[in-house]
Amino acid sequence: MELKEIRRKIESVSNIRKLTGALETLSALKMKKSQKFVMDSRPFAQKVGHLLQHLEPVLKAQKDVFLRQDEVKKILAVVIASDRGFCGPFNQNVARLADAKIKKLKEEGEVEIFSVGKKSTANFKKKKEKIGKSFFGIGDYGEIEEVKPISDYIIRAFIEREYQKVYIIWTDFLSTFSQKPRMIQLLPLDGESLKEFFKGAIEEKHVAEPLVEPSLGIVAREIIPQLVEYLIYQCILESNASEHSARMVAMRNASDNAKKRVSELMLDYNKARQEMITREVTEISSAKEVLE
Amino acid sequence: MKVEILTPKGLELEIEAKIVIAPALGGEISILENHVPIISVLKAGKLTIKTSDKDITREIEGGILEFEKGKMVILSKRF
């Protein structure tokens, strides 16, 4: 390789390294904050799940609108991914799970997608799936108000029986290095899928039937939309923390690779330079010999 | 009884209380130590927690109250 060419390569790789390094620092900060958010809200979400499970048998007996399973014609699949790329396999993992699950759901009825995040929308557009609604632009540390349009739409569409089943696919945050995409049935509410959501973190069974104030019907109408909203919020927080963690790890890997590449190129460069010097010296000395 | 106030930001308050007066949908309710288990919807209003030495009064934006086995949990968006 030409010296000049190697030098140009070294330059471009170090530029990439600067970029990925900066992104790494940035996403490390965001990761820390979004991880704190998700950890802080987990006890709250668990309590929400606990309450839902508590109310479930009573409401089911009453054939409450949120728990009744009608004949399935249309299914809504809410798929949460990120707005931005550069986050390793994060979006692909969500897409892969979504594809597999949606294929299965299609056996039950018509599937429409509610995509959250630009990358999620782009994925389903490419695959020509039917997108019922899409949403993007949730902040990195989403406030619950930002999630309201999403949950409002889902709850309204479900009450009006536009869809008979709603599933949600999101990425569960396990640790900085491990995130797992998952899916549960969001509506109609179902004790089993709630248990699945909280992986058994829900407290023990209740001894007594609680007194419900002011009445079960009102409680269901008031509480359940709120509880569903909190569940969706939690899914988004989990996905956010996962996204930033995945990006941080991806950028760290990219920086490390770039660093390795620079030192390899440096070796090549020195070798080429050495070769050139040797060649020049040989040329000069042979020329000298010829002259003598 | 033990009172916990939970928001999506975490556990905001954990305290031993004697009486809790909460703004339920149907009107104010007071809950003492040996109340029957209850789940209630709260509207926006004043929440008062009386402990043995002081009263804590805060405005809340509504939420959900659950009381069981001598433990009360109030879920609210903000506190």
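Sequence lines set the chain letters: A, B, ... in the order given, protein chains first and strands last, and positions in each chain run from 1.
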**Proximity of residues 4-15 of chain B to chain A, residues having a non-hydrogen atom under 4.5 angstrom** = B:L6, B:T7, B:P8, B:K9, B:G10

**Prompt:** Relative to chain A, which segment of B:I64 carries a heavy atom at a distance below 4.5 Å: side chain, backbone, both, or neither?
**Reply:** side chain

**Asked** Do A:E145 and B:K77 sit within salt-bridge range, that is, some charged N less than 4.0 Å from a carboxylate O?
**Response** no

**Asked** Is it true that atom CZ of A:F86 has more than 12 heavy atoms of other residues, nucleotides or ligands lying nearer than 6.0 Å?
**Response** no

**Request:** List in chain and number order the residues that pass side chain to side chain donor-acceptor pair (under 3.5 Å) with A:R84, two or more places apart in sequence or in another chain; answer none if no residue qualifies.
**Result:** none

**Message:** Can you list everything that forms a side chain to side chain donor-acceptor pair (under 3.5 Å) with A:S120? Sequence neighbours excluded, please.
**Reply:** none

**Request:** For atom NZ of B:K43, decide whether the heavy atoms of other residues, nucleotides or ligands shown that lie under 6.0 angstrom number more than 12.
**Result:** yes

**Asked** Taking only residues two or more places apart in sequence, or in another chain, which ones meet B:E61 in a side chain to side chain contact (heavy atoms under 4.5 Å, CB included)?
**Response** B:R78

